[in-house]
Amino acid sequence: MGDYVTGVAVVPGRAGSVHLTRLARPEPGPGQALVRVRRVGVCGTDREIIEATFGTPPPGSSALVLGHEVLGVVEAVGAGVGAYRPGDLVTATVRRPDDCPSCLAGQSDMCTGGRYLERGIIGLHGFMVDRFVEDVRYLVPVPAALEAVGVLVEPLSVVEKALRQADLIQRRMATWAPATAVVLGAGPIGLLGTMLLRARGMAVHTVARTPPPNPAADLVAACGATYVSTRETPIAALADGLPNVDLVFEASGAAPVAVDAMRLVGRNGVAVLLSLTGGDDALPVPVAAINREFVLGNKVLVGSVNSAREDFVAGVADLERFATRWPGLTERLITTRLRGVGDAHRIAETATAGVKTVIEFADD
Ligand code: BGC
């Protein structure tokens with residue numbers, strides 16, 4: 001290992017500025033681990049950063065190293081680290097706390113101060129780099145059996161949090177036994193949400209534009225959910241044909257679909273909004289009907305961002321469940337593999353191809 005590590009960076013605010021950068025080789029201090037990166041996932045947030053609608057570099061730098069979905073191997077640990085040893089597989093949480101009451105209470109995903117940082121997104125370099133150093137309290141162990149799919153723990157943690165929020169909200173009900181769910185969007189978040197809700201025993205209807213056959217529709221069918229193309233079945237027709245919808249996950253990435261989520265959620269149900277949408281799109285909406293339906297139906301609309309360490313831990317356990325229940329299925333979410341940082345300029349061009357793009361880092 002030389003004196004430098006190589007990372008994939010952008011200049012936030014400058015579209016199409018993906019480039020390779022060199023950072024000083026990091027050394028683990030007390031309570032930290034040096035992690036060699038195996039695989040990094042690319043998601044919609046990375047694309048927004050590449051398109052210059054999101055993202056902030058660390059102080060003193062014009063560039064931001066991308067990457068917040070990581071699977072790596074512990075290579076060395078600093079003083080006082082007993083929980084990890086070289087060779088352990090790990091992932092890492094994304095957000096780092098500020099000093100607000102929520103963060104001090106260990107809930108940085110519910111930060112009220114708004115001065116949080118996020119690796120690869122806001123104010124901290126990310127994981128799209130040969131090696132990084134991290135405090136071990138932000139690492140999450142991944143069993144060796146999940147080597148092929150452990151890079152999906154972070155996106156899965158986002159839907160784990162969404163479901164945890166719904167379960168917490170529904171403590172208002174003496175009987176919360178969700179039976180019917182609708183997932184809007186069949187990207188990685190929509191598909192992982194579909195698998196999670198199927199694993200919880202719900203009948204799941206996953207809605208996307210593209211008619212079948214396509215890889216997302218195959219994945220939906222393979223876990224026993226129903227794929228609905230809005231080109232074939234308009235949302236209103238879907239709503240008419242369903243029993244009471246207990247839970248909606250909106251993960252389409254398209255702002256107007258939030259209105260569909262509000263129209264679809266049933267009596268005493270919860271609709272969770274998960275799409276980060278840029279721009280200032282406006283839309284006329286049937287406010288009287290939506291308001292009436294929400295009041296008469298005790299409905300809840302909630303936004304959910306980021307995820308807590310407990311959601312990562314739940315994600316690891318659920319990836320193990322998925323592997324037992326649907327062998328090989330989770331692997332099929334990874335449809336595009338880029339080889340090493342040298343191939344990283346292709347991130348933007350592979351952005352819309354397939355389901356999930358990952359960057360494979362070479363063993364050295
Ligand atoms: C990440 C979250 C993050 C959010 C907003 C998402 O892509 O998964 O961890 O909080 O972007 O920055």
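Side chains are part of it too, since the values below use all heavy atoms of this structure and drop only hydrogens, waters and symmetry mates. One is the number of the first residue; the rest follow in order along the sequence. Just so we're clear, the structure is a prediction, and the values are computed from it rather than from any experiment. All ligand and atom numbering here is 1-based and tracks the order in the structure.
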Handout entry: Residues forming a salt bridge (Lys or Arg N to Asp or Glu O under 4.0 Å) with E118, sequence neighbours excluded
Key =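 Applying salt bridge (Lys or Arg N to Asp or Glu O under 4.0 Å) to E118 gives R95.
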Exercise for the section: Hey, could you give me the CZ/CG distance between R309 and D311, rounded to the nearest 0.5 Å? Expected result: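 That separation rounds to 11.5 Å.
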Handout entry: Euclidean distance, L66 CG relative to I50 CD1, rounded to 0.5 Å
Key =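 Result: 5.5 Å between the selected atoms.
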Can you sort out which atoms of ligand 1 are near [X], meaning under 4.0 Å from one of its heavy atoms?
{"X": "C43", "answer": "7 (O)"}
{"X": "F54", "answer": "12 (O)"}
{"X": "V305", "answer": "10 (O)"}
{"X": "I121", "answer": "11 (O), 12 (O)"}
{"X": "V158", "answer": "8 (O)"}
{"X": "H68", "answer": "1 (C), 7 (O), 8 (O)"}
{"X": "V94", "answer": "9 (O)"}

Heavy-atom nearest neighbour in the protein, as seen from [atom], with distance rounded to 0.1 Å:
{"atom": "atom 9 (O) of ligand 1", "answer": "N306 ND2, 2.8 Å"}
{"atom": "atom 10 (O) of ligand 1", "answer": "E118 OE2, 2.6 Å"}
{"atom": "atom 8 (O) of ligand 1", "answer": "E154 OE2, 2.7 Å"}
{"atom": "atom 7 (O) of ligand 1", "answer": "T45 OG1, 2.5 Å"}

Fill in the blank from the handout: side chain to side chain contact (heavy atoms under 4.5 Å, CB included) test vs V151 passes for just one of R38, E360, R39, namely R39
Handout entry: Partner of L71 under side chain to side chain contact (heavy atoms under 4.5 Å, CB included), chosen from V90, V35, L89
Key =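 Between L71 and the candidates, side chain to side chain contact (heavy atoms under 4.5 Å, CB included) is satisfied uniquely by L89.
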Problem - Lys/Arg cation over aromatic Y138: R96, 6.0 Å, 45° cone - result: yes
Exercise for the section: Report yes or no: does E69 have a heavy atom closer than 4.0 Å to ligand 1? Expected result: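 No, E69 has no heavy atoms under 4.0 Å from ligand 1.
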Practice task
Look at atom CZ of R267 and say whether more than 12 heavy atoms of other residues, nucleotides or ligands are closer to it than 6.0 Å.
Solution key: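 Result for CZ/R267: open.
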Exercise for the section: Record the part of P155 in heavy-atom contact with ligand 1 below 4.0 Å; permitted values are side chain, backbone, both and neither. Expected result: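 Neither; no heavy atom under 4.0 Å.
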Handout entry: Per-residue contact class, D109 against ligand 1 - non-hydrogen pairs under 4.0 Å
Key =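 It is neither part, as no heavy atom is under 4.0 Å.
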Handout entry: For the student: nearest non-hydrogen atoms of G114 and D98, plus distance
Key =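 Heavy atoms of G114 and D98 come nearest at N-OD2, 3.4 Å.
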Exercise for the section: Indicate if L152 and I189 have the same hydrophobic cluster label, given that clusters are the connected sets of ILVMFWY residues with side-chain heavy-atom separations under 4.5 angstrom. Expected result: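 Cluster IDs for L152 and I189 match.
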